[in-house]
Amino acid sequence: MSGDRILALKVDVDTRRGMEEGVPSLLATLDEWNAKAAFFLSFGPDNSGRAVFQLIRNPRFLLKMARTNAPGLYGLRTALYGTLLPAPGIAAALPALCREIEARGHEVEFHAWDHRTWQDALPRKGEEWVQDWFARGVAAYEECLGHRPRAFGAPAWRLTGAAVEVLKGFPWEYLSCTRAAAPFVLAGTGLLEVPSDLPCLEEVGGRNGVANILAGLDAGGIHVLPVHAEAEGGIWRDAFVEILRGARERGYEIHALSEVVAIARGRAPAERPFRLALLPGRAAPCAV
């Protein structure tokens, strides 16, 4: 396989709507394009409604919600889960769909137990909380799929020192927790980190950002595109198809993350720690 034009797809599933509606839509799209992806699933409760507190604490979050048409992306019910409506389970409530993703040749990995709490409160949480969060999520993954997850992708690309101390105790084959230009070994863990180097649609204006993403492919190379089931499996499906078409027109092979993992290991990437940075289009700092 040629290693100079590969686009790897990393699909994050953050909400019940993303799992129930977005995932089947993405599976159909990927079938049409004979493409594979790595699906990082959230297994625990959908507490998306608690994002309302971020509207007060973080003005950038309000701007992001307005810019990305959050009501269209997530729907009214999602906006009330965990507050006025009970928080439904996400992947753990749909084990047959979890298994279908794998049966159709895609990779299924671990993204979250409670995505919203990790995203909003991780810097205030210690190792005990993080350990419990992982224990619940990995147990739910194993119950649904009958084997351990191979990889972890941090919600909203957020990490802390406490989180790294805990996650290195699990037998991951690799991580995908950061935004960076190329794979590296995450310091203190011995684990390969496969970052997303391209922006996601919500960061570049949705449909209007397709050209921005495709421009990142013009020079060739190996790239990881972050995809969200709620977006590319919903109101931005046509934009996702444009990206797939543009990648193929540029000569790219489209794969799941395992292809990048195999190539990166053969190139002996350097070890380094993560740091935090506020990236364009984000409401909070990401690990980079």
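Of the possible donor and acceptor atoms, one in the side chain of R250 sits under 3.5 Å from a partner among the backbone N and O of G246. In this structure, E203 contributes its side chain and C200 its backbone to a donor-acceptor pair below 3.5 Å. Checking side-chain atoms of E232 against main-chain N and O of H228 turns up a donor-acceptor pair under 3.5 Å. Between the side chain of H223 and the main chain of G220, a donor-acceptor pair closer than 3.5 Å is present. Proximity of a side-chain donor or acceptor of E109 to a complementary backbone N or O of A151 within less than 3.5 Å is detected. Checked by atom type and distance alone, the side chain of D46 never pairs as donor or acceptor with a backbone atom of T15 at under 3.5 Å. With hydrogens and angles disregarded, a donor-acceptor distance shorter than 3.5 Å links the side chain of K36 to the backbone of R104. Checked by atom type and distance alone, the side chain of R179 never pairs as donor or acceptor with a backbone atom of D197 at under 3.5 Å.
For the pair P195 and P183, the tightest heavy-atom approach, listed with the atom from each and the gap, is CD-CA, 3.6 Å. When all heavy atoms are compared, the tightest approach of V13 to A229 is CG2-CB, 3.9 Å.
Contact check for L191 versus L167: side-chain heavy atoms found under the 4.5 Å cut-off. Within the 4.5 Å cutoff, no side-chain heavy atoms of T178 are placed close to those of L186. Between S176 and L257 there is a side-chain heavy-atom pair separated by less than 4.5 Å. Residues W157 and S196 have side chains in contact (heavy-atom distance under 4.5 Å, counting atoms from C-beta outward). Counting only heavy atoms from C-beta outward, the side chains of F39 and C98 never approach each other to under 4.5 Å.
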Next item on the list: Please test D114 against R116 for salt bridge (charged side-chain N to carboxylate O under 4.0 Å, His left out), starting from the C-alpha separation and ending with a verdict.
Entry: CA-CA 6 Å; D114 183 338; R116 190 76 246 168; over 6 Å; no
Item checked: Candidate pair R5 and E253, rule salt bridge (charged side-chain N to carboxylate O under 4.0 Å, His left out), full reasoning -> CA-CA 6 Å; R5 284 187 179 255; E253 301 173 3; over 6 Å; no
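For the pairing with F152, the ring-ring contact (aromatic ring centres under 6.0 Å, His included) check across W118, Y174, F170 returns one residue only, W118.
Ring-plane geometry between W172 and F110 is classed as parallel, the angle between the planes falling under 30 degrees on a 0 to 90 degree scale with a further cut at 60.
Ion pairing between a basic and an acidic side chain is recognised when a charged N comes within 4.0 Å of a carboxylate O; R148 and E142 show such pairing. Electrostatic pairing of K10 and E259 does not count as a salt bridge here, judged by no charged N lying under 4.0 Å from a carboxylate O. A salt bridge is defined here as a Lys NZ or Arg NE, NH1 or NH2 lying under 4.0 Å from an Asp or Glu carboxylate O, and E202 with R282 meets this definition.
Checked by atom type, the side-chain pair H147/E102 shows a donor-acceptor distance below 3.5 Å. Residues D14 and H111 have side chains that bring a donor and an acceptor to within less than 3.5 angstrom of each other.
Around CG of D218, the count of heavy atoms belonging to other residues, nucleotides or ligands within 6.0 Å exceeds 12.
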